Each structure stands twice: as C-alpha cells, then as structure tokens.
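As structure tokens, the structure follows; a few thoughts come after it.
Just so you know, these numbers use all the heavy atoms, side chains as well, and skip hydrogens, waters and symmetry mates. Worth saying up front: this structure is predicted, and the values here are computed from it rather than measured.
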Amino acid sequence: MYTTSSLTNITPVHHATNTAPLTHTATYAMQDARQTHWQAMMRALALKARQPKWITVINPPRTFTAKHLQQWGIHPDQVRVIRSRNGYDDCALVEGAVKANTSCAVLAFSPQAEKINHYETGTQWVAFVNPAVLHCH
C-alpha cells in the first residue's frame, strides 16, 4: 500500500532570478549589430563622397565631429552642416537637400528615426540616424 504525505524528500528547485549575464550578453549582441550597421552606413557614405558634391549633415549631435568623417576618408571641406530652426522639421530639411540636388549624400540625425535607415533616391543617398546610436560607439 501507498501512503501519501505532504512532506517530501525532494529538494525544492530554486530558479535563478538574476538574468544579468543573459541581459548583458544580449546588450552586447545588440550593440555589435548596431556597430556593424553603423560601419556599413559609413562605408556607403564614404563611397558616395567620391562624387564632387556635398555631404549634407542635418542636426548632428555634438559628439559627431569632422573627425568621425575623416576616419572614413571623407574630407571635411566636402561636408556642410545644417541645423534646424523653429518651424522646420528634419524631413523638410532632407526634402530640401534632396530637391536641391547639390548633395551626393544627406545624413540626418533625428530622435524620431529608427536606429539607422538609409536609402537611395536617384543618385543621392539619404540616411536617418537616431543620435542614441552614437552613444554605442
């Protein structure tokens, strides 16, 4: 016969509640993906910079300097910086730069952007970058 009891000789299993190593690893993986995407974008920008046109940078954060562009072989004299004023949003500034057709590339920093988005329109290359991405590099 079998008897039942509320007592057991099985040691209870305690699950670890500290997931820091997993989260830490996931954070590094995400930063690596962002860095890879950032580097690919900068390589594309450097290729476009071979054209005798401007590279227009809209609303760059203070941490983004000419030194960043020089590291990729882009001459600072080829870069023009536009900062938005009241009444102009990032998309309007990008549209204006694309319509002027004096830039080979337009790089817009916008907190509303997804991490990094880029596309080509005609012969011009356009990229939207969330400034938070730069804090990962």
Could you tell me whether Arg83 atom CZ has more than 12 heavy atoms of other residues or ligands within 6.0 Å of it?
-> yes
Separation between NZ of Lys53 and OG1 of Thr102, rounded to the nearest 0.5 Å = 7.5 Å
Once you round to the nearest 0.5 Å, how far does OG of Ser110 lie from CG of Asn130?
-> 7.5 Å
Which heavy atom in [X] sits nearest to a heavy atom in [Y], and how many Å separate them?
{"X": "Leu93", "Y": "Ser84", "value": "CD1-CB, 3.5 Å"}
{"X": "Pro61", "Y": "Pro131", "value": "CG-CB, 4.2 Å"}
{"X": "Glu120", "Y": "Trp125", "value": "CG-CD1, 3.7 Å"}
{"X": "Trp72", "Y": "Ala46", "value": "O-CB, 3.4 Å"}
{"X": "His68", "Y": "Thr63", "value": "CE1-O, 2.7 Å"}

Side chain to side chain contact (heavy atoms under 4.5 Å, CB included) between Leu45 and Leu69, worked out | CA-CA 9 Å; Leu45 184 62; Leu69 297 171; 3.9 Å; yes
Among Gln78, Arg80, Gln51, Gln124, side-chain hydrogen bond (donor to acceptor under 3.5 Å, both in side chains) partner for Ser103 | Arg80
For Val106 and Trp54, run side chain to side chain contact (heavy atoms under 4.5 Å, CB included): C-alpha distance rounded to whole Å, both residues' side-chain angles, the deciding distance at 0.1 Å, then the answer.
-> CA-CA 8 Å; Val106 178; Trp54 289 105; over 6 Å; no
Glu95: salt bridge (Lys or Arg N to Asp or Glu O under 4.0 Å) partners, not counting sequence neighbours | none
Check step by step if side chain to side chain contact (heavy atoms under 4.5 Å, CB included) holds for Leu107 and Val129.
-> CA-CA 7 Å; Leu107 177 60; Val129 177; 3.7 Å; yes
What orientation do Trp38 and Phe64 show, parallel under 30°, tilted 30 to 60°, or perpendicular over 60°?
-> perpendicular
Let me see the working for Ile82 and Val57 under side chain to side chain contact (heavy atoms under 4.5 Å, CB included), right down to the final yes or no.
-> CA-CA 6 Å; Ile82 299 174; Val57 181; over 6 Å; no
